[in-house]
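Scroll down for the structure; my scribbles are underneath it.
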Amino acid sequence: MVYTISGIRFPVVPSLHKSSLRGDRRTSSYSLFLKKSNSFSRTSLYAKFSHDSESKSSTIAESDKVLIPEDQDISASVKDQLETPEIISEDAQKLEDLTMKDENKYNLDEAASSYREVGDGQGSVMSSSPVDVNTNAQANKTSVHSGEKVKILSDEDKPKIIPPPGTGQKIYEIDSFLKAHSQHLDFRYGQYKRIREEIDKYEGGLDAFSRGYEKLGFTRSATGITYREWAPGAKSAALVGDFNNWNPNADVMTRDDFGVWEIFLPNNADGSPPIPHGSRVKIHMNTPSGIKDSIPAWIKFSVQAPGEIPYNGIYYDPPEEEKYVFKHPQPKRPQSIRIYESHVGMSSPEPKINTYANFRDDVLPRIKKLGYNAVQIMAIQEHSYYASFGYHVTNFFAPSSRFGTPEDLKSLIDRAHELGLLVLMDIVHSHASNNTLDGLNMFDGTDGHYFHPGSRGYHWMWDSRLFNYGSWEVLRYLLSNARWWLDEYKFDGFRFDGVTSMMYTHHGLQVSFTGNYNEYFGFATDVDAVVYLMLVNDLIHGLFPEAVTIGEDVSGMPTFCVPTQDGGIGFNYRLHMAIADKWIELLKKKDEDWRMGDIVHTLTNRRWLEKCVAYAESHDQALVGDKTLAFWLMDKDMYDFMALDRPSTPLIDRGIALHKMIRLITMGLGGEGYLNFMGNEFGHPEWIDFPRGEQHLPNGVVVPGNNNSFDKCRRRFDLGDAEYLRYHGMQEFDQAMQHLEESYGFMTSEHQYISRKNEGDKVIIFERDNLVFVFNFHWTNSYSDYRVGCLMPGKYKIVLDSDDALFGGFNRINHTAEYFTSEGWYDDRPRSFLVYAPCRTAVVYALVDGVDSEPVEQSVEVEQPVEVEQPVEIEQSVEVEP
């Protein structure tokens, strides 16, 4: 008897508790990936961890003790807590010497082409001691896949160097207002430097420290399998699973001084592994909270059987011939990033859970055609509750099995790279699922294992647990987790979720950030969490120089996107979350109440030298209980008047026009990157509602479900593709907008000047690079011979017109017209030209025939930091943007 999950056939286990203690494990093992041949190809992959079956190994690294006994906190003093001899291993000394000697020798950001070299995700050498960076340099690795040898140059061919901490003082040059808070900032940087020093001393550096998955969890050598788990609160532990008929007395584990439980299982007599690939496993523990079976914290795959609620951990170690081999190099980080935010499960037009394979074949080509250069994938880390959108993670190292196997995910990422797309993962390190059966909560029976004990470790709004970033082993776990997804799956970076919640002890709840610097640097700041963010950015940018990190922060924390060596937190981008809120605020008002200065202020209110990813709406606005921009604009008329063979309505005409204008001005002024949630590019109707049943809360309140329906948990891409629907014109405009940015690169242009914010005309005009953007938000007034100021002399032409019939507009502008500049100051610009500006229209003009003369005026750089503040009413005036 078998059942199927995400295209995988799983046998039903008839009995779990019978058979003798040991013997040949194959006779009582049920593998979820069992095939006729149960042989595993052997390599020297795990030679460093080979064990004598008679011996016991209770140390984790060559240096005597690298773990903190009984989950001690490092926030006070790591040095006092680590009882490690003052002898630094030879490998660690080599790492330090190489880092100091060669830090300027290699320029890992240097781009020779539009792609970077990648490895095949296999063949990393495991080591029980701190490793010199050169041990990872394996030249021209060869992997076998389907009988063919594929040679791929590896990123590991280059030395992996994480730069040492700098002075951390440059932030005061960037923002002089920070000097008033130097005591807090210097303390923060001191804590960061101290942790870096302790990691270098006791762990051999961040490189070795972040490879915890080579020591903890399941590791295989030529002679057997070793399993280690950090569970200091447990009184006893045993490894159980299909392989030993779930007998808790069969494979009892031993504990070291630091709470790490360990067992070594020798190979079977015929050389086959003691635990078959695909079989179910758990750790059986006697804890202060009672007897429990938990999924291993470092598990690489887990599945949920039909009719069951808790997940089962899966021992995942496929034979070489079944492992996916990456074939395509990873694209280099683009100058401006255009992100297509997506969710694999709901990416099908059909009401079902979609798969990695279908997303690879159907959705990725669509993203490429639309003109985006990056795809951000949500809900990758395993989460037992589907409706959590992937944010209540239960198994941090396991890709969600709802959508397929780990090999399927690798295939998806490889295909994206073939198309030239970056693949960003929506990673959740801000909190974890509250589940105790299949998550980390109460893992060893104690409240303060991975999380803060008591109320500090509980997020009352999210009903989830909060990590203790001051714990040494929590640092190891999270840093290794980030490294794992980049190393094993070749993700190109992360969007870190819930960073505001991490950085403050109040988690941003019931708090309004006004821009006052006292809100960022005080007792409400969780310095341990900020230091963790600095460490993880150090790790990512040091070992993966082309990787992208984006932080979801609504507070406006200063130094957020400044390199850690300069005293910052180290992100590449901050999500400009205030923009989406501003559009929702405006859409609740009448058109005549929209203030042009208010719009411009919100879009441009960001910190100097800190990049932002702008978006008009994301998945947040699409969830049930909220509305997308299209639904705010057109509401129920979308059900009856989106067909071209039917007459439109004023609400539809207004909605389509403003939908295009809002998105274009957000891209034009909002930041150095842009994000769109899948389907919103064509104004996807309705909301997202995950399948859910009726919920009975402890207080007796009953929350109605939706009969577990998938009807509103899908993406109707067919609507955007249908040329007979008005959705198609909106999709065509979004595509044209992306390709315009690809051609001109205006988002990252140093030249930005806003020449007009006219409240009476409802007109906004600004320059980006050699483009001039003209927005007329007036609901009835169209303007003939409207004068537009500009910097560069010459001839201009229309390169994008939201009123084009192709985009569902009224085609009121002649695209063959040419626009010549005339000398003379207008709106503080040295030249100008005349245009026709129809109502509710955005038009972009490009310089196509410049005059050979120096411009009278260059764009002005304002060398003062931009302080985040509440939007203010701005009268018509000249504004220079840095």
Side-chain angles (χ1 to χ4, degrees), residues 340-343 346-352 354 358-359 362-372 583 587 616-619 621-622 624 626-664 666-667 676-689 709-740 800-813 838-842:
Y340 196 81
E341 187 183 31
S342 58
H343 184 285
M346 56 176 293
S347 63
S348 172
E350 302 173 20
K352 66 176 185 179
N354 209 10
N358 288 343
F359 189 93
D362 301 333
V363 183
L364 287 179
R366 169 182 294 276
I367 297 171
K368 177 66 175 179
K369 180 181 178 182
L370 285 171
Y372 292 86
W583 289 124
L587 290 176
E617 55 183 337
S618 69
H619 70 274
Q621 287 72 40
V624 62
D626 206 336
K627 290 182 180 181
T628 63
L629 291 182
F631 222 50
W632 274 108
L633 288 163
M634 296 176 277
D635 205 53
K636 65 181 184 301
D637 278 20
M638 296 181 74
Y639 295 113
D640 299 314
F641 301 101
M642 293 300 285
L644 290 174
D645 61 354
R646 294 186 182 183
S648 182
T649 67
L651 198 63
I652 292 293
D653 291 340
R654 172 184 180 268
I656 291 177
L658 288 179
H659 191 270
K660 292 178 288 186
M661 295 179 70
I662 286 171
R663 302 173 83 77
L664 180 59
T666 298
M667 174 180 268
N676 166 67
F677 180 67
M678 63 177 185
N680 287 351
E681 67 273 10
F682 60 82
H684 198 289
E686 297 188 319
W687 52 85
I688 298 169
D689 192 8
S709 171
F710 285 87
D711 184 61
K712 290 182 174 57
C713 193
R714 53 178 173 154
R715 294 283 91 177
R716 293 289 307 275
F717 293 120
D718 54 310
L719 298 177
D721 294 339
E723 296 183 5
Y724 56 86
L725 296 178
R726 291 184 167 88
Y727 296 107
H728 183 68
M730 299 161 75
Q731 178 170 283
E732 288 291 315
F733 179 79
D734 192 85
Q735 180 174 328
M737 190 171 72
Q738 306 304 322
H739 286 287
L740 179 73
L800 184 63
D801 171 19
S802 68
D803 200 45
D804 194 314
L806 176 65
F807 309 141
F810 295 98
N811 213 26
R812 289 171 286 178
I813 300 177
C839 61
R840 287 189 182 135
T841 298

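With values rounded to the nearest 0.5 angstrom, Asn676 atom CG is found 10.5 Å from Ser342 atom OG.
Looking at His659, its side chain never comes within 3.5 Å of a backbone N or O of Leu629 through a donor-acceptor pair.
Every residue two or more places apart in sequence or in another chain that forms a side-chain hydrogen bond (donor to acceptor under 3.5 Å, both in side chains) with Trp583 is listed here: Thr666. Applying the side-chain hydrogen bond (donor to acceptor under 3.5 Å, both in side chains) criterion to Arg654, with sequence neighbours excluded, gives Asp591. Considering only residues two or more places apart in sequence or on other chains, Asp801 meets the side-chain hydrogen bond (donor to acceptor under 3.5 Å, both in side chains) condition with His815. In this structure, the salt bridge (Lys or Arg N to Asp or Glu O under 4.0 Å) partners of Asp803, at least two apart in sequence or on a different chain, are Arg812. Looking at residues two or more places apart in sequence or on another chain, you find a salt bridge (Lys or Arg N to Asp or Glu O under 4.0 Å) between Asp721 and Arg366.
Looking at Phe733 and Asp804, their side chains never come closer than 4.5 Å, going by heavy atoms from C-beta outward. Annotation: side chain of Met730 is not in contact with side chain of Arg726 (no heavy-atom distance under 4.5 Å). Looking at heavy atoms from C-beta onward, Leu633 lies in side-chain contact with Leu587 at the 4.5 angstrom threshold. For the pair Lys627/Asp635, a side-chain contact is recorded, criterion being any heavy-atom separation below 4.5 Å from C-beta on. Using a 4.5 Å heavy-atom cutoff, the side chains of Phe677 and Arg715 are in contact. Between Met678 and Ser347 the shortest side-chain heavy-atom distance falls below 4.5 Å. Contact annotation: the side chain of Glu681 approaches that of Tyr340 to within less than 4.5 Å [non-hydrogen atoms, C-beta and beyond]. Between Phe717 and Phe682, the closest side-chain pair of non-hydrogen atoms falls below 4.5 Å.
The shortest heavy-atom contact between His728 and Gly720 is ND1-O, 2.9 Å. Of all heavy-atom pairs spanning Cys839 and Thr841, the tightest one is O-OG1, 3.0 Å. Between Asn811 and Ala805, the shortest heavy-atom distance links the atoms OD1-N, 3.8 Å. Across every non-hydrogen atom of Glu341 and Ser618, the tightest pair is OE1-CB, 3.5 Å. The nearest pair of heavy atoms linking Arg840 to Ala657 is O-CB, 3.7 Å.
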TODO: Apply side-chain contact (heavy atoms from CB on, under 4.5 Å) to Met737 and Met667, showing your working.
DONE: CA-CA 9 Å; Met737 190 171 72; Met667 174 180 268; 3.6 Å; yes
Task: Pair Asn680-His619, side-chain contact (heavy atoms from CB on, under 4.5 Å): steps then yes or no - done: CA-CA 9 Å; Asn680 287 351; His619 70 274; over 6 Å; no
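Looking only at atom types and distance, the side chain of Asn354 has a donor-acceptor partner in the side chain of Asn358 under 3.5 Å away. No side-chain donor-acceptor contact under 3.5 Å links Tyr727 and Asp718.
Arg663 has a carboxylate O that lies under 4.0 Å from a charged side-chain N of Glu617, or vice versa, which qualifies the two as a salt bridge. A salt bridge is absent between Lys660 and Asp734; no separation between the charged side-chain nitrogens and carboxylate oxygens falls under 4.0 Å.
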Would you tabulate the side-chain donor-acceptor contacts of residues 637-647 under 3.5 Å, counting partners in other chains and residues two or more places apart, or write 'none'?
| residue | atom | partner | partner atom | Å |
| --- | --- | --- | --- | --- |
| Asp637 | OD2 | Thr649 | OG1 | 2.9 |
| Tyr639 | OH | Glu686 | OE2 | 2.7 |
| Arg646 | NH1 | Asp640 | O | 2.9 |

